[in-house]
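Okay, so here's the structure we're looking at.
Order of the sequence lines sets the chain letters (A, B, ...), proteins ahead of strands, with each chain counted from 1.
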Amino acid sequence: MKEDSVNIKDPVLSIRNLSVAYDKGNYAVKDVSADIKRNSVTAIMGPSGCGKSTMLRAINRMHELYENIETKGSLILNGKDITDMPTIQLRRMAGMVFQRPNPFPTLSIYDNVIAGYKLNGIRLKKKERDEVVERSLRDVTLWDEVKDTLHKKGTFLSGGQQQRLCIARALAFDPEVILLDEPTSALDPVATSKIEDLLVKLKENYSILMVTHNMSQAARISDYSMFMYLGELVEYGKTKDMFTNPKDRRTEEYLTGKFG
Amino acid sequence: MNSAAKITAANLSRRTLKDKLFKGLVLFLSLITISPIVLIIYKLVEKGYRQISLDFIIKTPPNTFEAMTALSNGELIPGGIANGITGTLLMVVLASVIAIPVGVITGIYLYENPGKPLANLTRNISDILQGVPSIVLGLIAYMWIVKPITSGFSALAGSVSLSIMMLPMIVRSTEETLKMIPQSIKEAAVALGVPYYKVILRVLIPTGFSGLLTGILLGISRILGETAPLMLTALGSSVINLDITKPTSAVPLLIWEFYNDPNMVDLIWSSSLLLMGMVLTLNLVSKRIAARTK
């Protein structure tokens with residue numbers, strides 16, 4: 001089998017002919033096919049409204065929360081079709097981080113990290129819980145900042161810390177892939193660079209798929225990039241190649257700031 | 001022409017005067033708004049504080065003759081309104097037990113299905129219910145409970161009429177509170193694979209808890225002083241009654257009874273003071289809770 005952007009060996013995620021419509025016939029994502037490589041950062045770029053967040057949210061079946069959203073095509077995560085998985089299993093495998101930090105306001109920092117276990121009624125021994133909390137917070141380099149205030153509310157943290165807490169909450173489930181929806185767009189530059197460093201570090205153990213409308217961010221940290229426009233996947237390839245030698249005219253125009 | 005040039009000294013002083021007049025008017029009207037409550041509390045304290053004692057809370061009212069003797073000797077009227085206090089507590093607790101689950105669940109339904117015809121109908125009917133005269137609710141409870149179920153006046157019938165009064169307030173406050181919770185909190189829970197009913201029970205309700213509590217406390221403070229529906233349902237009782245199938249007294253009912261007995265008039269003020277104190281406390285507590293969470 002020849003490897004290209006659609007077909008790679010042992011992908012963490014295979015997107016095949018994915019289309020998503022918010023109302024009937026009006027597609028926000030049109031027939032997208034791509035394979036996502038393990039242990040790498042893949043960025044999804046494109047102007048506002050190009051369907052990048054919609055595609056990301058299809059991967060953990062977030063659209064099921066709303067009525068009238070129609071999803072076609074298939075998504076294969078780790079060799080299994082996501083529609084065959086119970087939602088709890090799927091969402092443990094595909095952790096999600098949102099645009100704005102959204103820790104649970106009623107829970108402490110500690111409980112926010114293990115919220116996935118707590119809210120699902122998965123019982124852990126005290127020792128296991130402590131381990132999961134410490135490991136997840138260390139992974140997001142938040143441990144040293146909060147280890148003495150674990151029982152304070154998560155909302156007392158700064159915006160950047162809250163976002164790292166939200167990433168820790170996703171990591172606590174030890175997911176296969178982490179889906180990030182413009183995770184730094186609500187943060188200041190210092191907090192942003194911390195998150196970026198963190199993502200580069202996290203790809204050792206996780207596969208990362210990140211929506212961003214910040215081209216320089218994609219250039220800085222991603223290994224692979226997708227460019228989407230009007231719901232279509234225009235170009236997908238190694239970030240280095242795409243930024244130095246875009247194949248499609250629209251990609252080139254977007255990257256050189258002609259639109260977007 | 002330059003409009004700035006038009007602002008002459010005379011013009012400016014007229015503006016300042018207008019501004020002062022308006023401020024004065026606003027202040028005056030604000031004072032008028034708060035004066036009733038100040039006057040009411042002043043009058044109640046002035047006339048009622050002498051009767052307030054431990055006996056007032058733990059004893060039942062005297063009969064007319066005892067009251068008359070005390071009055072003619074220039075003493076305080078003996079006894080208290082324990083039957084009313086226990087009756088009010090019993091009926092308020094029972095009404096809350098009925099209204100809170102129904103109201104909260106209905107509120108959640110309205111929040112989850114904002115545009116559905118059944119939701120719109122429910123919301124409108126709940127608004128209409130809020131405007132139904134309380135005496136009519138008493139009549140309904142009379143028909144539903146007094147006649148067929150308890151075959152006589154009862155605390156249960158009183159509680160049902162009060163719970164119908166509370167219901168629309170709880171429904172509305174639940175819906176409004178949930179609407180204020182950011183969608184992102186809900187999505188965070190869904191993204192962790194939490195089943196939907198648990199998202200509601202373990203994320204939305206705890207997050208909006210203080211809002212729900214505020215609505216419930218305001219609902220309770222509203223029914224605490226209700227008299228009309230209780231006249232047709234609980235009727236009143238001269239002894240402490242905790243049996244929900246029997247006639248039961250309540251503080252507002254006692255006030256009405258004291259009003260009809262010339263020898264007991266002094267007790268009106270102290271009972272009203274107590275009732276007012278309870279309502280005010282609940283209102284202040286709910287305001288504090290609401291303020292703390294904003």
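Heavy atoms closer than 4.5 Å to chain A are found in the side chain of B:Tyr196, but not in its backbone. For A:Leu65, the part lying under 4.5 angstrom from a heavy atom of chain B is the side chain only. The contact between B:Val190 and chain A is made by backbone and side chain atoms together, counting heavy-atom distances below 4.5 Å. Using a 4.5 Å cut-off between heavy atoms, A:Pro86 makes no contact with chain B at all. Proximity to chain A (any heavy atom under 4.5 Å) is restricted, for B:Gln183, to the side chain, taken from C-beta onward. A:Asn60 touches chain B through its side chain: at least one heavy atom from C-beta onward sits under 4.5 Å away, while N, CA, C and O do not.
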request  = Decide side chain to side chain donor-acceptor pair (under 3.5 Å) for B:Arg202 and A:Asn120; before the verdict, give the C-alpha distance in whole Å, the side-chain angles of both, and the deciding distance to 0.1 Å.
outcome  = CA-CA 10 Å; B:Arg202 304 203 51 186; A:Asn120 279 306; over 6 Å; no
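When atom types are taken as modelled, the side chain of A:Asn39 and the backbone of A:Ser207 share no donor-acceptor pair closer than 3.5 angstrom. In terms of modelled atom types and a separation under 3.5 Å, the side chain of A:Arg169 and the main chain of A:Ala115 share no donor-acceptor contact.
Atom CZ of A:Arg100 sits in a sparse spot, with 12 or fewer heavy atoms from other residues, nucleotides or ligands closer than 6.0 Å.
Ring planes of A:Tyr22 and A:His63: perpendicular class, angle over 60° (limits at 30 and 60°).
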